[in-house]
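Treat the numbers as computed from the prediction; the structure is a model and nothing was measured.
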Amino acid sequence: MTISLSKGQRIDLTKTNPGLTKAIIGLGWDTNKYSGGEGFDLDASAFLLNANGKAGGIEDFVFYNNLTVYNGAVVHTGDNRDGEGDGDDEQIKLDFTKIPAGIHRIGITVTIHDAEARHQNFGQVSNAFVRLVDEQTGSEILRYDLGEDFSVETAVVVCELYRHGGDWKFQAIGSGFSGGLSALAHNYGLDAK
């Protein structure tokens, strides 16, 4: 049975799902009818963070140009450039057994590629969601529908997974940023150009 979360809610992942070692983070969205003449290209990313909440370098950043880190601990399955169709538009796979001990938190984000040049923002995006699936059983554990709370933002921290003792937890975040991927990277300690 899928658990539906609201913004700010937290849930135990590995404690309440014994044996969960591999998970798929599925992210999906639709764009509103307004297009401005340009296609939308939304991109999922993962920031692997140390105890200070910062990424150590490119090896802690998974995105369309860096698809896998730490021997497959976190893997981006590929860039979907149009978001057409139903279901997940992009996926990030996690293997909890391979995530280095120094990684305490993983921020899952979505940004709009070239948002400023294309005059696009998350106010033009609807039906955005994140879901977490047990890769081994295929069962959906949780889902968080982001709602329509955004207007001018070009990046969203969708959720975070974090260590709590020996277990992993999930928190629904839904926090918007202006400045796209560069602003997020800077927030997480990376100097993206």
* What is the ring orientation for F61 with F47, classed by angle as parallel under 30°, tilted 30 to 60°, or perpendicular over 60°? -> parallel
* Neighbour count above 12 (heavy atom, 6.0 Å) for Q9 CD -> yes
* To do: Check for a donor-acceptor pair, side chain of K54 on one end and backbone N or O of N187 on the other, with a separation under 3.5 Å.
  => yes
* Asked: Just wondering, do E59 and Y70 contact through their side chains at under 4.5 Å, heavy atoms?
  -> yes
* How long is the gap from CD on Q171 to CG on L13, to the nearest 0.5 Å? -> 12.0 Å
* Would you sort out whether T77 and K93 count as a side chain to side chain contact (heavy atoms under 4.5 Å, CB included), showing the intermediate values? => CA-CA 7 Å; T77 61; K93 295 183 176 187; 3.9 Å; yes
* Structure fact -> G180 and A155 have their tightest heavy-atom pair at O-CB, 3.7 Å
* **Spacing of CD1 belonging to I106 relative to CD1 belonging to I99, to within rounding of 0.5 Å** => 3.5 Å
* Would you check if the side chain of K7 reaches a backbone N or O of L146 as a donor-acceptor pair within less than 3.5 Å? => no
* Regarding Y162 and R10, is there a side-chain donor-to-acceptor distance under 3.5 Å anywhere? -> yes
* For side chain to side chain contact (heavy atoms under 4.5 Å, CB included), just list the numbers for I108 and L27, CA-CA rounded to whole Å, side-chain angles, deciding distance to a tenth of an Å, and then say yes or no. => CA-CA 9 Å; I108 305 294; L27 299 129; 4.0 Å; yes
* Asked: Mind checking whether L49 and V75 sit in one hydrophobic cluster, side chains of I, L, V, M, F, W, Y counted as touching below 4.5 Å?
  -> no
* After noting the C-alpha distance and the side-chain angles of N66 and I58, does the key distance pass the side chain to side chain contact (heavy atoms under 4.5 Å, CB included) rule? -> CA-CA 8 Å; N66 191 36; I58 192 72; 4.0 Å; yes
* Just do the side chain to side chain contact (heavy atoms under 4.5 Å, CB included) check on F122 and L42 with the steps written out, would you? => CA-CA 10 Å; F122 273 95; L42 277 68; 3.8 Å; yes
* Asked: Are V133 and I11 connected in a single hydrophobic cluster, I mean Ile/Leu/Val/Met/Phe/Trp/Tyr linked by side-chain heavy atoms less than 4.5 Å apart?
  -> no
* **With Q91 via side chain to side chain donor-acceptor pair (under 3.5 Å) - residues at least two apart** => D88
* Please confirm whether the backbone N or O of A128 pairs with a side-chain atom of D30, one donor and one acceptor, at under 3.5 Å? => no
* Asked: With the 4.5 Å side-chain cut-off for hydrophobic clustering, are I24 and L48 part of the same group?
  -> no
* Using a 4.5 Å cut-off on heavy atoms from C-beta on, say whether the side chain of D167 contacts that of D12. => no
* **Nearest-0.5 Å distance that lies between atom CZ in R163 and atom NZ in K169** => 14.5 Å
* To do: Working to the nearest 0.5 Å, report the span between OH of Y64 and CG of D41.
  => 7.5 Å
* Asked: Just checking, any donor-acceptor pair under 3.5 angstrom between side chains of E153 and S178?
  -> no
* Asked: Do F170 and C159 come close enough that some side-chain heavy atom pair is under 4.5 Å?
  -> yes
* Structure fact -> Residues passing the salt bridge (Lys or Arg N to Asp or Glu O under 4.0 Å) test with D145, sequence neighbours excluded, are R143
* **D134 side chain vs Q136 backbone, donor-acceptor pair below 3.5 Å** => yes
* Structure fact -> Minimal heavy-atom distance between A44 and E90, with the atoms involved, is N-OE1, 2.9 Å
* Structure fact -> On a heavy-atom basis, the closest approach of G179 and T154 is N-OG1, 3.2 Å
* Can you find a side-chain donor-acceptor pair between Y188 and D60 that sits under 3.5 Å? -> no
* Asked: Looking at CZ of F129 and CG of D89, how far apart are the two atoms once the value is rounded to the nearest 0.5 Å?
  -> 6.5 Å
* Do other residues, nucleotides or ligands put more than 12 heavy atoms under 6.0 Å from the CG atom of N71? -> no
* E160: what forms a salt bridge (Lys or Arg N to Asp or Glu O under 4.0 Å) with it, not counting sequence neighbours? -> R105
* If you look at every heavy atom in A46 and V74, which pair is closest and at what distance? -> CB-CG1, 4.1 Å
* Least distance between heavy atoms, V62 atom then L67 atom -> CG1-O, 3.6 Å
* Do the side chains of S45 and L181 get nearer than 4.5 Å, heavy atoms only? -> yes
* Asked: Between OG1 of T109 and CG of D43, what distance do you get to the nearest 0.5 Å?
  -> 9.0 Å
* How close do L161 and L132 get, heavy atom to heavy atom, and via which atoms? -> CD2-CD1, 4.0 Å
* Any side-chain heavy atom of F150 sitting closer than 4.5 Å to one from V156? -> yes
